[in-house]
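The structure's right below; bear with me while I get my questions together.
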2 protein chains.
Amino acid sequence: MYISAKVDYAVRAMCAVADAGDRPVTAEALASSQGLPPKFLESILNDLRRAGLLRSQRGAEGGYRLARTAKEITVADIIRPLDGPLAEVRGLRPEAANYEGAAAHLQDVWVAVRSSLRSVLEVVTLADIVAGKLPNSVVKLTTKADAWVSR
Amino acid sequence: MYISAKVDYAVRAMCAVADAGDRPVTAEALASSQGLPPKFLESILNDLRRAGLLRSQRGAEGGYRLARTAKEITVADIIRPLDGPLAEVRGLRPEAANYEGAAAHLQDVWVAVRSSLRSVLEVVTLADIVAGKLPNSVVKLTTKADAWVSR
DNA sequence: TACTAAACCTAGTAATCAACTAGGGTAAGT
DNA sequence: ACTTACCCTAGTTGATTACTAGGTTTAGTA
């Protein structure tokens, strides 16, 4: 799974917006507080607004705030409008592929992959990240042996 | 996670090789039995050989066979030499990124993502796929509610 | 009413990657 | 010698990634 710069920046910005509570935060403030390229971030914020995750206000005293509470926005909610489905096989949904012969059961593997991604990304909310308290099932994954080492 | 054509084809071909047991299988036979583009497949098989997953024999009666038993080759073993690490954040390993402020704990999320991918891809072997009997922990994922529906 | 802050929009660009294809060289059997 | 089949280098086309430039519109403030 390749987490694109776009998605990484988006989640970080969303965390910062969540952290500000009700006050609107400007794109520039987000860019400098998280160290993100300003113009690129602007276009991402726009996408997030169109996706219904942010509300914006123009003009002086303007900025962005969450369209829902931080508890109601998962990481998957942010990824999908920006990068598309969590898992795809050659541009197809895992359940759409069809395999023959010895590889007939490969489809189950890709479905399992998607399912496992969902069990993290659809469960972790912005509120969890900002508070630094991830759900137990997710913490369990990060504390597995070798979870922090490269392969 | 985007499963590239390359990886998809590679796993399918490896399944077909595994299915043939000890007999060497030609690239052409693999291409036609799995419906893959012949020349593209050839370059993939070459990569797999360089990665130490396949052994090849030239000339008449030649072809490919597994370098290890089907039980000892996981899907992750196939993905990594072709597409690189299972999870990357903007080209970095999840444990390498460092986040500040409200997004400080985002790193844990990406590590959890990688861990969850590993729990599928490092566990399923070619033997499992060919036999159609995936490990229990993986089957559990495919039988979750909505595991087969798009979001 | 002017001024200014800030979101909004269109467009463009350089570099990389994905998914192939072409065509010849080399080794191994018959 | 002949054929089969792997091996190797190179190239192509289109899309995607990660940005940047520059102007337009809206909304508060002096």
**Q.** A/Glu42 (side chain) and C/dC8 (base): donor-acceptor pair under 3.5 Å
**A.** yes
Q: Please determine if a side-chain N or O atom of A/Tyr9 lies less than 4.0 Å away from the OP1 or OP2 oxygen of D/dC19.
A: yes
Q) Below 4.0 angstrom from OP1 or OP2 of D/dC6, is there any side-chain N or O of B/Arg49? A) no
Q: Determine: side-chain N/O of B/Tyr2 to OP1/OP2 of C/dA19, distance under 4.0 Å, yes or no.
A: yes
(Q) Just the rounded figure in Å: distance from C1' of D/dC19 to CG of A/Leu36. (A) 13 Å
Q) Would you say B/Asn46 reaches D/dC6's phosphate, i.e. side-chain N/O to OP1/OP2 under 4.0 Å? A) no
Q: Determine: side-chain N/O of A/Arg58 to OP1/OP2 of C/dT4, distance under 4.0 Å, yes or no.
A: no
Q. How do B/Ala60 and A/Gly59 order along DNA chain D: which one's closest nucleotide is nearer the 5' end?
A. B/Ala60
Q: Would you tell me if any nitrogen or oxygen in the side chain of A/Gln57 comes within less than 4.0 Å of OP1 or OP2 on D/dG28?
A: yes
**Q.** Backbone of B/Glu72 reached by a side-chain donor or acceptor of B/Arg68 within 3.5 Å
**A.** yes
Q | Exercise: do A/Thr142 and B/Asp108 side chains pair donor with acceptor under 3.5 Å | A | no
Q) Which of these nucleotides, C/dT21, D/dA18, C/dC20, is closest to any side-chain atom of B/Lys39? A) C/dT21
Q: Would you kindly say whether A/Asp77 and A/Thr74 are connected by a side-chain donor-acceptor distance under 3.5 Å?
A: yes
Q. In whole angstroms, how far is the P atom of C/dA6 from the CG atom of A/Leu45?
A. 14 Å
Q) How many Å lie between CD1 on A/Ile3 and P on D/dA18, as a whole number? A) 11 Å
Q | Nearest-angstrom distance from the residue atom CD of B/Glu28 to P of D/dC6 | A | 9 Å
**Q.** Distance, rounded to the nearest Å, where B/Leu41 contributes CG and D/dA5 contributes C1'
**A.** 13 Å
Q: Would you indicate whether the side-chain heavy atoms of B/Glu61 and B/Pro24 approach each other to under 4.5 Å?
A: no
Q) OP1 or OP2 of D/dC7 less than 4.0 angstrom from a side-chain nitrogen or oxygen of B/Ser56, does that happen here? A) yes
Q | Closest to side chain of B/Glu61, choosing from D/dC19, D/dC6, C/dT30 | A | C/dT30
Q. Do you know which of B/Leu45, B/Val25, B/Thr26 makes side-chain contact (heavy atoms from CB on, under 4.5 Å) with B/Tyr64?
A. B/Leu45
Q. At under 4.0 Å between heavy atoms, what does B/Arg55 touch on the DNA or RNA strands: base, sugar-phosphate, or nothing?
A. nothing
Q: Send over the distance from B/Asp47 CG to D/dC8 C1', rounded to a whole Å.
A: 12 Å
Q) Whole Å only: how far is the CZ atom of B/Arg65 from the C1' atom of D/dC6? A) 13 Å
Q | Length of the CD-P vector between B/Glu88 and D/dT17, whole Å | A | 14 Å
Q) If you look at every strand shown and take non-hydrogen atoms under 4.0 Å, does A/Arg90 touch a base, only sugar-phosphate, or nothing? A) nothing
Q: Mind checking the NE2-OH spacing from B/His105 to B/Tyr99? Nearest 0.5 Å is all I need.
A: 13.5 Å
